[in-house]
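These notes are about the structure you will find just below.
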There are 4 protein chains.
Amino acid sequence: MRERQILDAAVQVFSRYGYHPASMDEVSEVAGVSKPMIYAYLGSKEDLFTHCIRRESARLLDAVAAGIRPELAPDMQLWHGLRSFYRFVHEYRDSWTVLHRQALAVGGTFADEINQLRQQAIELVAVLVKSAGSRAELADQVQKSGEGLAVALVGAAESLADWWIDHPSVTEGMLASWLMNLVWLGFNDLVEGKLWTPSDPAA
Amino acid sequence: MRERQILDAAVQVFSRYGYHPASMDEVSEVAGVSKPMIYAYLGSKEDLFTHCIRRESARLLDAVAAGIRPELAPDMQLWHGLRSFYRFVHEYRDSWTVLHRQALAVGGTFADEINQLRQQAIELVAVLVKSAGSRAELADQVQKSGEGLAVALVGAAESLADWWIDHPSVTEGMLASWLMNLVWLGFNDLVEGKLWTPSDPAA
Amino acid sequence: MRERQILDAAVQVFSRYGYHPASMDEVSEVAGVSKPMIYAYLGSKEDLFTHCIRRESARLLDAVAAGIRPELAPDMQLWHGLRSFYRFVHEYRDSWTVLHRQALAVGGTFADEINQLRQQAIELVAVLVKSAGSRAELADQVQKSGEGLAVALVGAAESLADWWIDHPSVTEGMLASWLMNLVWLGFNDLVEGKLWTPSDPAA
Amino acid sequence: MRERQILDAAVQVFSRYGYHPASMDEVSEVAGVSKPMIYAYLGSKEDLFTHCIRRESARLLDAVAAGIRPELAPDMQLWHGLRSFYRFVHEYRDSWTVLHRQALAVGGTFADEINQLRQQAIELVAVLVKSAGSRAELADQVQKSGEGLAVALVGAAESLADWWIDHPSVTEGMLASWLMNLVWLGFNDLVEGKLWTPSDPAA
DNA sequence: AATGAATGAGGTTTCATTCAT
DNA sequence: TATGAATGAAACCTCATTCAT
């Protein structure tokens, strides 16, 4: 459909230049569609950007959700989720850039939408952490900081995604491994020679 | 001096609107200085932004460096560094926003400067990790992923800084604690009831 | 076409104020076209001025070339060329002003273009002088100063064109006559009562 | 005196950039005097330019007048006047540029002043022509075109002056010679081998 | 349904000119 | 007296947005 064609172009252009410097002229050129069409289908520049964010957010959520196996152990769920996330970032780099970099920089409504998306990711992670801890009684302080831990983990994952752009030789499995080792085992264990490995290496 | 007055205003305005939407008119209004003065003291808009980034980068580095005690154990150094970092973010929120959000979004030279700053932080952390691991022989895979771990830790710290803005009731000590627990102990230990605490609680 | 409409206005405005003081606002007002149209059709102010110069140069060359009859005697060719020139100056005064006064004053690329135009005129005249002199052997010194004589003649013609603006009662035929008498006969002959007159008065 | 220092700088700057693009900042810099001083001594930019024109006009007139020997024959007077003129142009190129190119381009009052100067030159030449012709009865048509001839001669002289800038190997004597041959003898005589030479070669 | 053509509004930058010292 | 410091005004240029076809 025309709408998709336009959105694809918009994501590409917004990703490259950012919201404000991006020009509707360039979007129309890349989309191969005249400007009045853009306004007819998607509304103003602001509307267009909102549509971009919404579509890419949904894509990202779908991609991650599709990778998770709820029947597995918490650490394996996290592991699969991370790999799905990095596969998405790899395949739709422009989407990721728009969501993570450009939308937040604009602030206002856009940043709010992105923060909601992040919140969903954080809560998803928080559930995993909680279920992992349900075997034992988590220390009080940990209980309280549950969300904080999730925020940190999500942030770490995002930063590695950015860093990946400049270090493309790394695979998405390595990225996910590092994170698992870092947050599941911690430095403390690492220096003692422990390593986290997927219980199901084939996955 | 006039220069500082202008830079303060510029950081504030760039932080709020981002580089492109920010107008020199608004900078001049906030600074209480006419536009030609800005051009006389700091040059073009691009120059002005560069000056902002440079000054705030230096401030951030100084703040973190000032908080580190090289004679302490690695984990304590990290702990102090993180607290200094969060104190800086708290005290100079606009500086942090300009550096972390706006400069990266603009891309080009600006993003390069920020990435250099990040790289410095990452290397600093990498040194700590290495010194912590020197007691034992780090697993090969850890050796290779050293920088990745540091990237992840730095990213986690940054994300928590952003998240803090929307959750101001948390203290900088709590943020640092969470991170220490997360990366030093890891979930694995946490669920077993272990907790990381500063060896020198007074610090 | 729109382009012509804009160029006409630009020539008028540049002619009146000169390149630098002329404002794109005024050009757009005179052209009855909004400023963005000017930039869309003709580019920057510099581009616009270049287009003006090019068009008017071509017009001037065409006008003079159209008036010359190559089959006539050299003096008659000069006579006709001069009259064509003055007719052009009369009909397109703004064009002449832009070419002769404003473009030269700006210097740089503009002046270069004008000087090339002048050079063409000079060479044209030089050819006439040479063909007139071919019947006899021109004195050596004359040979060497051929271009200088042409420069002087062209300059004299230009100056009379300027002077004409303030003395509009004179006809273009009179101007051409004076020049012919001056350069073809010279004062020396004039004071002896000689006069140059077109051999074909009807022309 | 301060005034002279400023005027020298102004002539230099106006000559190089033209009236409008020239900046008071540059004048003050070249003059080694602060801007408020310029305003105190010479008034506004317009006033400053007027002063420049007036001073250089006077200089030019003086230079030419000083070279003329009223007791000589008319052609010799013209010859001496032309050489003085070219010597002035050579020695004070900036003055000449300001007067001939820049002032006329600005138009308005400035052009008027320059035109008055030209008129003086023209009348001076017209007197010579008239005195040369007084021996015989000039043809009626010549009488009427007297001023026109003078205008043409002056224009030719000016154009050669401009042309000289790009052909510096020519001497001022050659320039004056060409003009004398052109206007005093005319092409007609030149092709017959006649040449005008100063009756007093030492001069 | 689709677009070429057009513009109002606003942004960066410069410069003649003047206070306060 | 002489100047460093300051600004109001205006110029060039661009872009989101809309008619008329």
Side-chain angles (χ1 to χ4, degrees), chain A residues 2 6 17 19-29 31-49, chain B residues 1-3 5-6 13 17 19-29 31-49, chain C residues 1-3 5-6 13 17 19-29 31-49, chain D residues 2 6 17 19-29 31-49:
Chain A
R2 266 311 203 301
I6 296 173
Y17 301 105
Y19 175 68
H20 279 284
S23 79
M24 296 298 270
D25 268 313
E26 182 140 4
V27 172
S28 98
E29 201 174 334
V33 167
S34 73
K35 267 190 297 179
M37 279 297 92
I38 300 182
Y39 282 86
Y41 279 94
L42 278 311
S44 71
K45 190 184 187 183
E46 198 172 326
D47 293 340
L48 177 60
F49 196 55
Chain B
M1 181 136 56
R2 260 317 198 284
E3 207 168 300
Q5 191 179 349
I6 295 173
V13 171
Y17 300 104
Y19 175 69
H20 281 287
S23 81
M24 297 300 269
D25 267 313
E26 181 137 5
V27 173
S28 96
E29 203 172 328
V33 165
S34 72
K35 262 189 300 179
M37 279 299 93
I38 300 181
Y39 283 86
Y41 280 96
L42 278 311
S44 70
K45 190 185 186 182
E46 198 172 327
D47 292 340
L48 177 59
F49 196 55
Chain C
M1 180 135 59
R2 261 317 198 285
E3 207 168 299
Q5 192 178 347
I6 295 173
V13 171
Y17 301 104
Y19 175 69
H20 281 287
S23 81
M24 296 300 269
D25 268 311
E26 181 138 6
V27 173
S28 96
E29 204 172 328
V33 165
S34 72
K35 260 189 303 177
M37 280 299 93
I38 301 181
Y39 284 87
Y41 280 97
L42 278 311
S44 71
K45 190 185 186 183
E46 198 171 325
D47 292 340
L48 177 59
F49 196 56
Chain D
R2 266 310 202 299
I6 296 173
Y17 301 105
Y19 175 68
H20 279 284
S23 78
M24 297 298 270
D25 268 313
E26 181 140 5
V27 173
S28 98
E29 201 174 333
V33 166
S34 73
K35 267 189 296 180
M37 280 297 92
I38 300 181
Y39 283 86
Y41 278 95
L42 278 311
S44 71
K45 190 184 187 183
E46 198 172 327
D47 292 341
L48 176 60
F49 196 56

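In what follows, chains carry the letters A, B, and so on, assigned in the order in which the sequence lines appear, proteins first and then strands, with residues in each chain numbered from 1.
In this structure, CE in B/Met24 is found 7.5 Å from NZ in B/Lys45, a value given to the nearest 0.5 Å. Separation of atoms CD1 (B/Ile38) and CG (B/Asp25) is listed at 8.5 Å; rounding is to 0.5 Å.
Other residues, nucleotides and ligands contribute more than 12 heavy atoms inside 6.0 Å of the CD atom of B/Glu3.
Listed here is the closest heavy atom pair of B/Glu26 and B/Tyr17: OE2-OH, 3.1 Å. Residues B/His20 and A/Pro21 approach most closely at CD2-CG, 3.1 Å, considering heavy atoms.
When the side-chain nitrogen and oxygen atoms of D/Arg2 are compared with OP1 and OP2 of F/dT1, none of them lie within a distance under 4.0 Å.
F/dC15 atom P lies 11 Å from atom OH of A/Tyr17, rounded to whole Å. Atom pair A/Asp47:CG and F/dA16:C1' shows a separation of 12 Å (rounding to whole Å applied). One can place CD of A/Glu26 at 10 Å from P of F/dC15, the figure rounded to the nearest angstrom. The distance between atom NE2 of D/His20 and atom P of F/dA10, rounded to the nearest whole Å, is 14 Å. A/Ile38 places its CD1 atom 16 Å from the C1' atom of E/dA1, with the value rounded to the nearest Å. Separating the CD atom of B/Glu29 from the P atom of E/dG11 is a distance of 12 Å, rounded to the nearest angstrom. Distance, B/Met1 CE to F/dA5 C1': 14 Å, rounded to whole Å.
Nearest-nucleotide positions on DNA chain E place A/Val33 closer to the 5' end than the other of A/Val33 and D/Asp25. Across the interface with DNA chain E, nearest-nucleotide mapping of C/Gly32 and D/Tyr19 shows C/Gly32 to be the residue nearer the 5′ end.
Among the nucleotides F/dA16, E/dA6, E/dT3, the one closest to any side-chain atom of A/Met37 is E/dT3. Here the side chain of A/Lys45 is nearest to one of F/dA6, F/dC12, F/dT17, namely F/dT17. The nucleotide whose nearest atom lies closest to any side-chain atom of A/Tyr39 is, among E/dA16, F/dT17, E/dA6, F/dT17. Distance from the side chain of B/Ser34 is smallest for F/dA6 among the nucleotides F/dA6, E/dT17, E/dT12. Closest to the side chain of B/Tyr41, out of F/dC13, E/dT14, F/dA5, is F/dA5. Each of E/dT18, E/dG8, F/dC13 was ranked by its minimum atom distance to the side chain of C/Pro36; first place goes to E/dG8. Residue A/Lys35 places its side chain closer to F/dA16 than to any other of F/dT14, E/dA16, F/dA16.
Using the Watson-Crick or G-U wobble rule with both distances under 3.5 Å, F/dA20 pairs with E/dT3.
Within the 4.0 angstrom heavy-atom criterion, only backbone atoms of the sugar-phosphate kind lie near C/Met24; the bases stay farther away.
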